[in-house]
Number of protein chains: 2
Amino acid sequence: MSVTIKDVAAAAGVSIATVSRVLAHKDRFYSPATAEKIMTVARDLGYQKNSAAVELVTQKSQVLGVIVSSTQTNFADQIIAGIQDTAFARDLSVIILYAGVNDDRLQQKAIQTVIERSVRGILILALELNDANRQLLDQTPIPHVFLSTTSGHEQDAFVASDDFKIGQRATEYLINKGHTRIGLAAVEATSYVGQKRLAGYRNAMANHQLPIESEWIQAGHFTYADGLVAMRQWGPTPPIDAVVAMSDLAAVGVLNQATDFHLNIPNQLAIVSIDGTDLVKWVRPQLTSITQAFYDMGVAGVNLLLNTDTQPPAAQLLPFKLDERASS
Amino acid sequence: MSVTIKDVAAAAGVSIATVSRVLAHKDRFYSPATAEKIMTVARDLGYQKNSAAVELVTQKSQVLGVIVSSTQTNFADQIIAGIQDTAFARDLSVIILYAGVNDDRLQQKAIQTVIERSVRGILILALELNDANRQLLDQTPIPHVFLSTTSGHEQDAFVASDDFKIGQRATEYLINKGHTRIGLAAVEATSYVGQKRLAGYRNAMANHQLPIESEWIQAGHFTYADGLVAMRQWGPTPPIDAVVAMSDLAAVGVLNQATDFHLNIPNQLAIVSIDGTDLVKWVRPQLTSITQAFYDMGVAGVNLLLNTDTQPPAAQLLPFKLDERASS
DNA sequence: GTGAAAGCGCTAACAG
DNA sequence: CTGTTAGCGCTTTCAC
């Protein structure tokens, strides 16, 4: 059995109530002398507080739960860094739960875990929940915000980039560069993110009276393989002269397959990637990208979560930028 | 206030003991009829168990704590996937805590958090603890194993690759290819991993009567920037004809800087990378690599942790392989 | 300033 | 098969 406040109390010759008060830095209703004695004894005995007991009695927890999908994408680390730093500053702990890749059971398990621990709040990263799991979450009083995705439900809070504008901006950039036949790689038409970016693309093309061929748009799920496949569909003499990839990973897939086709990037095919993680700087040519503010997304997410107590949930769109590199 | 077994008991017209028994799938000392009624009532009421209460009374937890350093490296995901799958199969939850990059405070906070929650076991990923933090861990009865690193202390359990052999094997592969002036990039001489790989390299060189120049060995911490810097040190007419990089990230750094120097890879400079994550297949030319069994490391780690109850902690070395690609 | 005592929600003997 | 009861370690009134 580990050492409890009872042990500390006995060793210090005081009551457990007093020990509890000084260890929890409660009020200042105790003399400095007792406080010091208790602290010393506690340290000597190797006392560690039992969070289960604390949370049981206080009915609240100082931990934030983050649910991530296993890396289809590679930007989660940045968001988590933002979350971690902000939480740390507010003296909260962060626990991260992987929810697999489109695995409803794992997703459920992760949600269940955070609910049962009645965490202070839940952050859902780049993940779309199925109806059952959403319901599970909504049943609880635990505040939750979606990051880099939306739940698709008005009442939910989320922090993300404006995906419509991202699609629009990337497309317009290429149009301004003189491209007219612009393709899309790894478009996930079933997700809100994918739909919005696609809409932004269509909007930009329409605004410039540019027609779109259906074969220009290749479906996928943001992965490297999807980029590869998209380019393979277009073939060695592609019908397009530029492409917007829906993720850095997909962009690299497009790039590698295009290079294998001996296409010159950017002369024969320009590439713009969406995300702007370090990966775009590791490949050659370096990829022009829409760079999202992932770290800030983590920061904003935590703040939003903590404000949910006092304010109604809100949506927040973060600015992004376009970084020009060698691929366009 | 959320719904408790008391509420369920009242609604179902039984005692809380019975509710507890059926909800915990205890024994089968209750009639199917009561069981069913209770399950229905619980679902209708939206009952969620309170882990804090359960853990407080049972004095044990069904969660595994994983402590990771923020990604200096990019293989943590694979290890975590292995951990997650194994834990899931055993009906354990996994919580992941980021410990920053060489940030003692964050590291401490992470350890503190898992200790206070008295998790079932702790997995430490590619992280070396400072003395204070090690002591903190050793004071507790919670079993812990190091993954992809060792604590440097005999009595601790760990799962890793044999880093001496990795250094040796990579070097010998290059020697057999006819290289004689072999450099090392991003060597972290302060870490056990770094030291062992370095020793393996020296051993291989010595076995073939090959001299080593000190400038061939460039220090670093496994990062992309370290690879870049190493190659910059060697310059456009490098004193070496082959290099072993201590991580995939570092290898890509070397590769990019070498390419910028207009060096032909592998003719003027061969590169072997250590890790073998997907990144080596994303760059061009693809990198020959020592490929570590990261997923298996996660699996083995969990199993080792769970056996600690019955067996003394042990060390485990996992096999690795050499995958030849275009960079050598 | 400090102590006594009443639980938080749940499990686990022990009766019946 | 089911109910009663005694805590797990801690916080928090309420007295003194």
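Chain letters run A, B, ... following the sequence lines, proteins first and then strands; every chain starts at 1.
A:E128 and A:R134 are not joined by a salt bridge, as no carboxylate oxygen comes within less than 4.0 angstrom of a charged side-chain nitrogen.
Atom P of nucleotide C:dC10 and atom CD of B:Q62 are separated by 16 Å, given to the nearest angstrom. At whole-Å resolution of the value, NZ in A:K6 and C1' in D:dT11 are 15 Å apart. Protein atom CD of B:E55 is 12 Å distant from nucleotide atom C1' of D:dC8, rounded to whole Å. In this structure, B:L56 atom CG and C:dG7 atom P are separated by 17 Å, rounded to whole Å. If you measure from atom NZ of B:K49 to atom C1' of C:dC8, you get 17 Å, rounded to the nearest angstrom. As rounded to whole Å, 20 Å separates atom P of D:dC8 from atom CD of A:Q48. Whole-Å rounding puts the A:L45 CG to D:dG9 P distance at 14 Å. Here C:dA12 presents its C1' atom at 11 Å from NZ of B:K60, a figure rounded to the nearest Å.
Between B:E188 and B:V193, every side-chain heavy-atom pair lies at or beyond the 4.5 Å cut-off.
The side chain of A:I5 sits closest to D:dC10 out of D:dC10, C:dC10, C:dA4. For A:V14, taking side-chain heavy atoms from C-beta onward, the closest of the listed nucleotides C:dC14, D:dT11, C:dG3 is C:dG3. Each of D:dT11, D:dC10, C:dT11 was ranked by its minimum atom distance to the side chain of B:V54; first place goes to C:dT11.
Using a 4.0 Å heavy-atom cutoff across all strands shown, B:S20 reaches at least one base atom of the nucleic acid. Among the protein residues, A:V57 comes within range of the nucleic acid bases, having at least one heavy atom under 4.0 Å from a base atom.
OP1 or OP2 of C:dA12 has not a single side-chain nitrogen or oxygen of B:T58 nearer than 4.0 Å. Under 4.0 angstrom from either OP1 or OP2 of D:dG3 there lies at least one side-chain N or O belonging to B:S15. Of the side-chain N and O atoms in A:Q59, none sit less than 4.0 angstrom from OP1 or OP2 of D:dT11.
Checking A:T18 against B:I16, the closest nucleotide of DNA chain D that is more toward the 5' end is the one next to B:I16.
Closest non-hydrogen pair, A:L318 versus A:A293, comes out as CD2-O, 3.9 Å.
For B:Q107, there are no side chain to side chain donor-acceptor pair (under 3.5 Å) partners at least two apart in sequence or on another chain.
For A:E36, the CD atom is loosely surrounded, since the number of other residues' heavy atoms within 6.0 Å does not exceed 12.
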